[in-house]
Amino acid sequence: MIRPLGERVVVKPLPSEERTKGGIVLPDTAKEKPQEGEVIAVGSGKILETGQRVPIDLKPGDRILFSKYAGNEVKIDDVEYLIMREADILGVIE
């Protein structure tokens with residue numbers, strides 16, 4: 001497994017919709033990159049100039065929304081993950 005450093009988060013992207021709301025099946029080339037995912041692991045947090053560490057406000061299992069082109073793709077054991085900064089995460093889905 002991956003252990004992210006600092007203010008980084010490991011996310012497993014959730015698959016995008018196969019159909020539109022009207023029921024039209026989308027081919028792979030027409031699908032947008034996923035913007036929703038599940039947090040797998042979080043780093044220890046950002047270190048401020050004062051030396052104080054600010055913990056990340058996420059935990060494994062959280063469903064999140066992130067920027068469209070955020071993070072770096074990594075493939076481990078045929079599973080694709082994204083490693084991104086906490087700042088690229090837009091919000092938590094509750």
Side-chain angles (χ1 to χ4, degrees):
M1 191 61 210
I2 305 169
R3 183 176 55 92
L5 301 176
E7 60 183 293
R8 289 181 174 80
V9 178
V10 177
V11 175
K12 182 177 179 185
L14 297 177
S16 57
E17 291 293 320
E18 299 279 332
R19 297 177 182 263
T20 65
K21 289 182 181 179
I24 298 171
V25 177
L26 295 173
D28 288 340
T29 55
K31 291 181 192 173
E32 290 190 14
K33 287 185 72 164
Q35 291 178 264
E36 187 176 325
E38 178 184 350
V39 174
I40 302 300
V42 296
S44 55
K46 183 176 183 175
I47 298 177
L48 302 176
E49 291 179 13
T50 61
Q52 180 181 6
R53 185 176 298 274
V54 179
I56 294 178
D57 193 24
L58 296 166
K59 63 187 178 305
D62 283 348
R63 282 186 58 194
I64 59 165
L65 293 174
F66 52 86
S67 300
K68 189 176 237 176
Y69 297 103
N72 295 307
E73 296 177 355
V74 178
K75 193 170 192 178
I76 298 176
D77 297 330
D78 293 330
V79 179
E80 290 192 21
Y81 298 99
L82 289 171
I83 299 177
M84 65 181 69
R85 294 187 181 277
E86 182 182 24
D88 291 331
I89 297 172
L90 304 174
V92 178
I93 300 172
E94 296 185 349

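Heads up: numbering here begins at 1 and tracks the sequence.
Atom CD of E73 and atom OH of Y81 lie 14.0 Å apart (nearest 0.5 Å). We find the CD1-CZ distance between I83 and R85 to be 11.5 Å, quoted to the nearest 0.5 Å.
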Table please: side-chain donor-acceptor pairs of residues 52-61 below 3.5 Å, with sequence neighbours left out.
| unit_1 | atom_1 | unit_2 | atom_2 | d |
| --- | --- | --- | --- | --- |
| R53 | NH1 | S44 | OG | 2.8 |
| R53 | NH1 | G45 | O | 3.1 |
| K59 | NZ | D62 | OD1 | 3.0 |

Side-chain donor-acceptor pairs of residues 3-14 under 3.5 Å, sequence neighbours excluded:
none

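Taking each heavy atom of G71 and M84 in turn, the nearest pair found is CA-CB, 3.7 Å.
Think of I47 as one node in a network of Ile, Leu, Val, Met, Phe, Trp and Tyr side chains linked at under 4.5 Å; it has no links at all.
V92 and L90 fall into different hydrophobic clusters, where Ile, Leu, Val, Met, Phe, Trp and Tyr side chains are chained together by heavy-atom contacts under 4.5 Å.
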